Amino acid sequence: MRALTVIPGQANSARLDNMPEPSPGDGSVVVRTLAIGICGTDREIVAGKYGWAPPGESRLVIGHESLGKVESAPIDSGFKPGDLVAGIVRRPDPVPCPACAVGEWDMCRNGLYTERGIKERHGFGSDFFRIEPKFLVKVDSALGAAGVLLEPTSVVAKAWDHIERIGARTASWKARRVLVTGAGPVGLLAAMIGAERGLDLHVLDRAQSGDKPNLVRALGGTYHSDVSELKSIEPDIVLECTGASQVVLDAVACVAPGGIVCLAGVSSGGRKIEIDVGLLNREMVLENNVVFGSVNANRAHYEAAAEALSRASKPWLNHLITRRVAPEDWQSALKRRDDDIKVVIDFTLGRTDGQSH
Ligand code: BGC
């Protein structure tokens with residue numbers, strides 16, 4: 001079968017390989033891959049800056065945002081052939097830590113977790129993958145190809161879950177306005193959930209034209225491409241999805257008193273900007289603000305994400321997928337274009353067995 005593999009830590013090592021089909025040890029459910037989504041993490045792995053191969057192997061199959069169709073499954077697994085599904089990325093650490101022990105692997109405390117397509121486990125970027133039923137999630141068949149958005153939606157479903165838990169620290173706090181920084185797939189999906197919550201939605205992105213402003217307006221939100229407008233917004237919640245140092249700082253500075261800033265974008269690091277930590281501390285203390293980081297998602301977040309996607313407008317979701325490329329053209333998928341939102345590698349393209357969506 002075809003599989004997209006890379007030698008982690010080594011740039012220019014990615015290639016479309018021919019591999020044997022996965023072994024039963026990977027799980028009892030066999031899934032035929034329809035598509036994998038590409039995100040910044042995949043680009044980092046292919047650039048040799050992130051990622052780990054499974055123990056004893058030199059190459060890693062990439063792909064952690066998945067959509068597939070069940071090919072075969074044990075009777076008692078809860079899945080049947082033809083089900084549309086997506087795989088959960090993270091597996092609990094073997095110790096396990098107190099978080100992993102109760103299924104909160106997204107909060108792993110010792111860092112020994114593994115992640116499919118990222119950390120010590122093969123991903124979903126191959127014609128077939130195998131998986132354990134408890135790490136597989138059903139996707140509404142009405143979503144069709146947009147079901148590949150489940151994993152990035154799970155990441156923002158977790159962010160919203162934690163924002164709401166933090167908000168519940170007082171009896172009186174009720175958010176009215178949310179600012180999302182970054183209108184990439186994660187930002188737009190975070191905005192979609194904010195709009196579902198009935199909040200006054202604002203989204204900031206540097207793009208001045210293209211689909212992003214329209215996608216935000218279609219959610220009933222206000223689109224900003226000028227950072228100077230942030231001061232007047234006074235959001236109760238900021239969901240920071242760019243990881244860009246200056247935007248992170250602006251996000252923390254503009255939140256309203258009692259506000260919550262969730263950092264969900266990963267910075268590339270090494271970019272220095274000067275900040276007055278004393279002033280930052282003073283503002284956060286005197287305004288009871290919370291700034292926290294959020295990564296990954298557990299099963300409950302995938303399920304919440306599946307429900308959010310089911311409720312969302314299907315044409316709106318389909319608009320987020322701006323390019324589909326065949327596995328053979330994986331290099332073009334990894335090259336970022338200005339008008340890209342979500343690029344997917346479509347395993348039904350170039351398939352010789354006649355199977356498609
Ligand atoms: C994935 C997460 C993962 C993180 C760090 C992200 O791209 O969506 O599931 O935990 O990378 O490896």
Side-chain angles (χ1 to χ4, degrees), residues 4 6 8-9 14 35-54 60-67 86-93 96-97 99-100 103-125 129 131 135-137 139 147-162 182 184-190 193 239-244 262-269 292-306 308-309 320 333-334 336 340-345:
L4 273 165
V6 66
I36 56 162
I38 298 297
C39 78
T41 303
D42 299 301
R43 293 195 179 92
E44 278 198 3
I45 295 172
V46 168
K49 294 181 184 155
Y50 197 63
W52 298 261
L60 169 77
V61 176
I62 62 165
H64 60 278
E65 299 182 4
S66 63
L67 178 70
I88 290 179
V89 175
R90 198 175 277 195
R91 298 291 173 279
D93 77 77
C97 75
C100 287
E104 292 183 336
W105 50 73
D106 56 313
M107 300 297 288
C108 180
R109 303 263 290 273
N110 62 21
L112 298 177
Y113 63 82
T114 53
E115 288 181 337
R116 291 204 63 165
I118 304 176
K119 189 172 183 270
E120 297 164 13
R121 275 179 196 266
H122 287 314
F124 307 120
F129 61 86
I131 191 159
F135 294 111
L136 194 59
V137 183
V139 174
V148 74
L149 298 170
L150 183 65
E151 196 275 345
T153 309
S154 74
V155 168
V156 293
K158 172 188 171 173
W160 273 107
D161 173 32
H162 285 212
V186 171
L188 287 168
L189 291 165
I193 296 182
L239 241 152
E240 204 300 300
C241 302
T242 69
C262 172
L263 305 179
V266 185
S267 306
S268 35
F292 77 102
S294 181
V295 72
N296 198 255
N298 65 40
R299 183 158 191 115
H301 303 128
Y302 277 82
E303 281 163 4
L309 289 177
L320 300 192
L334 282 144
R336 217 189 271 274
D340 280 339
I341 299 179
K342 175 57 74 187
V343 179
V344 304
I345 298 186

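Whatever order the structure lists ligands and atoms in, that order sets their numbers, starting from 1. These numbers come from a predicted model, not from an experiment.
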Please identify which atoms of ligand 1 are closer than 4.0 Å to at least one heavy atom of Tyr50.
->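 Listed by number with element, the hits are 5 (C), 12 (O).
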Ile118 neighbourhood, listing ligand 1 atoms whose heavy-atom distance to it stays under 4.0 Å |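 Ligand 1 atoms under the 4.0 Å threshold to Ile118: 11 (O), 12 (O).
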What is the ring orientation for His162 with His301, classed by angle as parallel under 30°, tilted 30 to 60°, or perpendicular over 60°?
->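 Aromatic pair His162/His301 classed perpendicular.
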Proximity to ligand 1 by part of Cys39, non-hydrogen separation under 4.0 Å =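 Within the 4.0 Å criterion, Cys39 contacts ligand 1 through side-chain atoms alone.
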[atom]: the protein heavy-atom neighbour that sits closest, reported with distance to 0.1 Å:
atom                    : answer
atom 4 (C) of ligand 1  : Val295 CG2, 3.9 Å
atom 9 (O) of ligand 1  : Asn296 ND2, 2.9 Å
atom 11 (O) of ligand 1 : Thr41 OG1, 3.3 Å

Check: [X] side chain, [Y] main-chain N or O, donor-acceptor pair, under 3.5 Å:
X      : Y      : result
Trp105 : Ala297 : yes
Ser66  : Gly87  : yes
Arg116 : His122 : yes

So do the side chains of Val295 and Arg90 get within less than 4.5 Å of each other, counting heavy atoms only?
->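 Of all side-chain heavy-atom pairs linking Arg90 with Val295, at least one is under 4.5 Å.
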So which of Arg90, Glu115, Glu151 gets nearest to atom 1 (C) of ligand 1, if we judge by its closest heavy atom?
->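 Looking at heavy atoms only, Glu151 sits closest to atom 1 (C) of ligand 1.
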So how far is it from Leu309 CG to Ser154 OG, rounded to the nearest 0.5 Å?
->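 Spacing of CG (Leu309) from OG (Ser154) equals 9.5 Å.
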